[in-house]
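FYI, side chains are in, hydrogens and waters are out, and symmetry mates aren't considered; it's all heavy atoms of this structure.
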Amino acid sequence: MTSPDPTPLTHTLHLERAHHDTCRAALAAMVDGAQEQVVVGEDVSASGADAEVLGYRLRSKAKEMRELPEGPLFFGRLDFDGSEHAGQSYHVGRLRISEHPAAPPLVVDWRAPVSRAFYQASAHDPQGVAVRRRFGWAPGSRGASDDLTSLEDEHLSRGEDRASDILAREIERPRVGPMRDIAATIQPEQDDLVRGDLGVSVCVQGAPGTGKTAVGLHRAAYLLYTHPQRVQRGGMLILGPNRTFLSYIAQVLPALGETGVRQSTLAEEIGGRHAVTGRDDPPAALLKHDVRMAEVLRRALYARVSAERAGEIAIPEGAYRWRVPGEVFARIVAGVRAEEPPYAVGRERVRTRVVACIQALAERRAGPPPNAWVRKMATAVRPYVDVVWPRVRAEEVVAELLADERVLEAAGRGLLDGDEQKALLWRKPPRSWKSARWSAADLVLLDEVGGLIEHPEGYGHVVVDEAQDLSPMECRAIARRAVFGSLTVLGDLAQGTTPWAARTWAEQLTHLGRADAAVVPLTTGFRVPEAVVGLANRLLRHLDVDVPEARSLRGDGELRIREAGEDLTGAVVAAVRDALAREGSVGVITADADLPRVRAALDKAGVPVAAPDDLAARVTLTPATLVKGLEYDHVVAVEPAAIAEAEERGLHRLYVVLTRAVSGLEVVHGRPLPF
């Protein structure tokens, strides 16, 4: 790895700064041009509808351009001496910049095909690249050209293959605030996943620090860039485990130029009009998340359909009655039921076919009837359809199932034993579903029945993070929203902490409706230091999952084990003060039950401490149950034994806690360590 000139401010560096100034001016013109198009576009459409569509698109584009975060406009450059780009040079950045739409780009988007060589080219396979240049920017740069402080050239055509200092500094620099994009540091194996085909679902089994979340977000940005119409038509959904996690990742896609992506939790997606006001006992919650409940709910819903209740239909019209014999009506109901359509669709099919029978009688009697007459008959047969295929709400089905032991016994026969049925029943049934106190697990059941009644609107692509923690019923809720789309599934079986966490990806992918999805392991850690990974791997051997151990490319980092004796909180305060002497964020992670006394000790010691959702804070106090997906430069892990004992899969939770540090980990304990 070489610099074009050993002097501090070389001629080459001056030229690159000047190019950045040119790019900055061109980007400002692009933003102004996007706004100008909005004004001009209001008067050029052929119709009001066209004007509305065009105006929406132009305003959206102008808004996206205005909201682009400030920062360096390029991070790399490629000089080609082979392939179809021979003799060309391209700067690589987070979005395409040009002085005119038809002019050669000043910066090419990192997602463009030509940019792939920036991530994939090597001395063994240069891919036509003579020189790969990386740029070093001052930490926290907002894009001032003077912040371009260094550059490195890698002469691939000469077989040069050395580690990049700039790349290492970018990966290892302190972590304060929300998650950053990794467009400048994507590794070849990550790039393969990012650029996967839209129609192919993929599962990434990522060990801590391997960048699986970043890969998923960059894959979303890549698909939006490569297939804008297809993805935007169906929509893009990013699902995270909680709002703290979503706040942490919220700035990644906007930094990559993508602002129209829905980022949500599954609870928000399925919650609908119901707030969580009830609470389940652990056995009931476990049962409600069990995949057997899907068949129980299906039985409970379709128990309302009965061809046996089909009697003769007689619709009066003046002195005449249009009749459909009971046996014909019953055959219609049975035929539709055998087709297994969504419940609401089936009801409408029954009504349509009954009307068709009456319409055929009318045509034989007096010729084709007018449309108004057909609509009149459709209204007239509705009460008869209500008898055999009644209207129903998901709330009615679930409330009746959980409140009436006879209904639950009929629906659960052969699936749930007596004790399980007893555990499911509400102790104090509400007067009606309108006064029910729904639990979080109940909302999953409501979504299942809602999907049986009418298929929900789907997405073109869904990125699911921390997927190992999803229950089978939650997986089904996601699958319903991606029937005609694809999935990027991200997770780590070793970090599964819910009672229903997946033990294998094969089982989880089956519930997600993607049994054929490839499972790709990421085992090389770029953020978590070797010392921390080594400790985590010791714990991994005690977990009931079959995943490969992680390895780290970072030989730096620090691991300390501090025995606290009887003064645990005093040792925690000392550990936090030691961490504050270093650069970067500090995360104090403790068992949920110990949170108040640790906070009190830090407050008494005068150490300012913030909640986990304050991403800019220097010191954050975080309960172990909320730390998944987050990372800090320095972690103080408080009393691992208490974390391990707090829940059924406590060792898995501890594994998560121990892998949140990207520079230093200090384990403070007064009790024997569980690993």
Please report the interatomic distance [atom1]([X]) to [atom2]([Y]), rounded to the nearest 0.5 Å.
X	Y	atom1	atom2	value
Tyr248	Leu615	OH	CG	8.5 Å
Asp516	Ser201	CG	OG	7.5 Å
Ile270	Asp447	CD1	CG	5.0 Å
Asp442	Leu402	CG	CG	6.0 Å
Asp197	Ser486	CG	OG	8.0 Å
Glu474	Arg476	CD	CZ	13.0 Å

[X] with [Y]: basic N within carboxylate O range, under 4.0 Å:
X	Y	value
Arg503	Asp546	no
Arg94	Asp109	no
Asp191	Arg116	yes

Task: Non-neighbouring partners of Gln468 that pass side chain to side chain donor-acceptor pair (under 3.5 Å), sequence neighbours left out - done: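 Gln468 satisfies side chain to side chain donor-acceptor pair (under 3.5 Å) with Glu466 only.
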Open item on the list: As a quick check of understanding, evaluate salt bridge (charged side-chain N to carboxylate O under 4.0 Å, His left out) for Asp633 and Arg660, giving each step before the final call.
Closed with: CA-CA 8 Å; Asp633 287 289; Arg660 300 305 95 196; over 6 Å; no
Which pair of heavy atoms, one from [X] and one from [Y], lies closest together, and at what distance?
X	Y	answer
Glu530	Gly555	OE1-CA, 3.8 Å
Ser264	Glu269	OG-OE2, 3.3 Å
Leu665	Leu658	CD2-O, 3.6 Å
Ala220	Leu253	CB-CD2, 4.4 Å
Ala284	Leu424	O-CD2, 4.1 Å
Gln120	Pro188	NE2-O, 3.2 Å

Any side-chain to backbone donor/acceptor pair from [X] onto [Y]? Under 3.5 Å, distance only.
X	Y	result
Arg481	Gly458	no
Arg649	Gly496	yes
Thr226	Leu223	no
Gln190	Thr210	yes
Arg230	Leu198	no
Arg111	Ala221	yes
Glu666	Ile561	no

TODO: Indicate yes or no: at least one non-hydrogen side-chain atom of Thr265 is less than 4.5 angstrom from one of Leu239.
DONE: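 No, too far: nothing below the 4.5 Å cut-off.
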Open item on the list: For a quick check under 3.5 Å, do Arg279 and Ser439 share a side-chain donor-acceptor pair by atom type?
Closed with: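 There is no such pair between these side chains.
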Task: Parallel, tilted or perpendicular: rings of Phe75 and Tyr119 (30°, 60°) - done: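 Rings of Tyr119 and Phe75: tilted, 30 to 60°.
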Task: Val627 and Tyr632: CA distance, side-chain angles, deciding distance, side chain to side chain contact (heavy atoms under 4.5 Å, CB included) verdict - done: CA-CA 10 Å; Val627 78; Tyr632 306 93; 4.2 Å; yes
Open item on the list: Taking side-chain contact (heavy atoms from CB on, under 4.5 Å) as the definition, give me every residue that meets it alongside Val252, ordered by chain and number, with sequence neighbours left out.
Closed with: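 Partners of Val252 by the side-chain contact (heavy atoms from CB on, under 4.5 Å) criterion, ordered by chain and then number, come out as Met179, Asp181, Leu217, His218, Leu256.
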Open item on the list: Working note: Asp469 + Lys628, criterion salt bridge (charged side-chain N to carboxylate O under 4.0 Å, His left out); need CA distance, chi angles, decisive distance, verdict.
Closed with: CA-CA 11 Å; Asp469 277 333; Lys628 191 170 293 183; 2.3 Å; yes
Open item on the list: If we check side-chain contact (heavy atoms from CB on, under 4.5 Å) with Phe526, which of these qualifies: Leu167, Thr185, Ile182, Leu553?
Closed with: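 Option passing the side-chain contact (heavy atoms from CB on, under 4.5 Å) with Phe526: Leu553.
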TODO: Check step by step if side chain to side chain contact (heavy atoms under 4.5 Å, CB included) holds for Leu580 and Arg618.
DONE: CA-CA 8 Å; Leu580 285 172; Arg618 184 74 200 282; 3.6 Å; yes
TODO: Any chance you could lay out the side chain to side chain contact (heavy atoms under 4.5 Å, CB included) test for Val588 and Thr622, step after step, and finish with the verdict?
DONE: CA-CA 6 Å; Val588 184; Thr622 306; over 6 Å; no
TODO: Determine, stepwise, if the pair Leu568 / Val638 fulfils side chain to side chain contact (heavy atoms under 4.5 Å, CB included).
DONE: CA-CA 8 Å; Leu568 180 69; Val638 182; 4.1 Å; yes
